[in-house]
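Comments concern the structure below.
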Amino acid sequence: MIYVEEKDFSRQLDLLRYLSGLHRLIICSWLYPESTSTSVAGFPINNVPSNLQPTTIYANGIRPRHTEPVEATAPNITAFEEAASEIAANCDSLALYGEGEESWFAATIGHEGMCLVQDESLFSSLSEAGYSVSMEPPSWW
């Protein structure tokens with residue numbers, strides 16, 4: 001696991017843009033369990049349980065809802081970025097998935113200022129791109 005500390009939400013989404021430039025990915029936003037929102041950033045909430053792995057596991061087996069997955073293009077990621085206050089109020093995380101994959105490829109947990117990337121082979125390229133990367137979680141994590 002690669003840990004990327006980025007407190008700025010726009011910088012977190014720059015990381016998602018960077019990763020989506022390397023691989024063909026889809027993106028969705030995971031809602032807090034208590035959110036009653038029917039859409040986020042203009043993307044409808046998927047009310048049918050999916051096989052996508054959430055980024056956060058909640059107590060009591062609560063499975064969070066998420067937006068309909070869409071292609072992780074620059075315009076779609078920008079739509080999430082422009083809805084920063086809506087995301088802060090309703091969403092736990094944004095996650096990237098490989099097409100046809102159930103496990104997330106990368107995720108950003110905005111309120112924590114943390115991005116996670118599963119593919120450790122990207123460590124050097126992320127570092128060279130200017131991201132603060134570590135193979136070890138920060139002490140506060």
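- Tyr3 places a side-chain heavy atom less than 4.5 Å from the side chain of Met114.
- The side chain to side chain contact (heavy atoms under 4.5 Å, CB included) test applied to Thr56 returns Tyr58, Asp92, not counting sequence neighbours.
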Using atom types as modelled, flag every donor-acceptor pair under 3.5 Å from a side chain in residues 35-45 to any protein atom, sequence neighbours excluded.
from	atom 1	to	atom 2	distance (Å)
Ser35	OG	Ser37	N	3.3
Ser35	OG	Asn90	OD1	2.9
Ser37	OG	Ser39	N	3.4
Ser37	OG	Ser39	O	2.5

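- Summarising the geometry of Ser20 relative to Ile77, their closest heavy-atom pair is OG-CD1, 3.7 Å, with the distance given to 0.1 Å.
- Using a 3.5 Å distance cut-off with no hydrogens or angles, the side chains of Ser132 and Glu6 do not pair a donor with an acceptor.
- Of all heavy-atom pairs between Leu94 and Ser29, the closest is CD2-CB, 3.4 Å.
- Here Arg63 pairs with Trp30, Ser50, Pro54 under the side chain to side chain contact (heavy atoms under 4.5 Å, CB included) rule; sequence neighbours left out.
- Between the side chains of Trp140 and Glu5, a donor-acceptor pair is found at a separation under 3.5 Å.
- Gln118 CD to Glu101 CD: the interatomic distance, rounded to the nearest 0.5 Å, is 11.0 Å.
- Shown here are the side chain to side chain contact (heavy atoms under 4.5 Å, CB included) partners of Ser124, two or more places apart in sequence or in another chain: Glu128.
- The two residues Leu25 and Phe105 come nearest to each other via the heavy atoms CD1-CD2, 3.9 Å.
- Judged as a side-chain hydrogen bond (donor to acceptor under 3.5 Å, both in side chains), and not counting sequence neighbours, His23 has no contacts.
- Going from atom CZ of Arg17 over to atom CD of Gln12 covers 11.5 Å, rounded to the nearest 0.5 Å.
- For the atom pair CE of Met1 and OG of Ser134, the computed distance is 12.0 Å after rounding to the nearest 0.5 Å.
- Side-chain heavy atoms closer than 4.5 Å link hydrophobic residues (I, L, V, M, F, W, Y) into clusters, and following such links, possibly through other members, connects Val133 to Met135.
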Please step through side-chain contact (heavy atoms from CB on, under 4.5 Å) for the pair Val117 and Phe123, ending with a clear verdict. CA-CA 9 Å; Val117 180; Phe123 186 87; over 6 Å; no
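- Between atom CG of residue Leu122 and atom CG of residue Leu19 there is a gap of 6.5 Å, rounded to the nearest 0.5 Å.
- A pairwise comparison of heavy atoms in Cys28 and Leu52 identifies SG-CD1, 4.2 Å as the closest pair.
- The cationic group of Arg65 does not satisfy the cation-pi geometry with Tyr32, failing either the under 6.0 Å distance to the six-membered ring centre or the 45° limit from the ring axis.
- Interatomic distance, OG1 of Thr55 versus CD of Glu112, reported as 11.0 Å (0.5 Å rounding).
- In this structure the side chain of Leu31 never reaches within 4.5 angstrom of the side chain of Pro64, judged on heavy atoms.
- Of all heavy-atom pairs spanning Trp104 and Ala95, the tightest one is CB-CB, 4.2 Å.
- Looking at residues two or more places apart in sequence or on another chain, you find a side chain to side chain contact (heavy atoms under 4.5 Å, CB included) between Glu99 and Arg24, Ile26.
- In this structure, Ile27 and Tyr97 have side chains that are not in contact, with every pair of non-hydrogen atoms separated by 4.5 Å or more.
- Two residues are said to be in side-chain contact when any heavy atoms from C-beta on lie closer than 4.5 Å; Leu16 and Phe80 fail this criterion.
- Put simply, the side chain of Ile2 does not reach to within 4.5 Å of the side chain of Leu116, judged on heavy atoms.
- Shortest non-hydrogen contact noted between Glu81 and Phe9 is CA-CE2, 4.0 Å.
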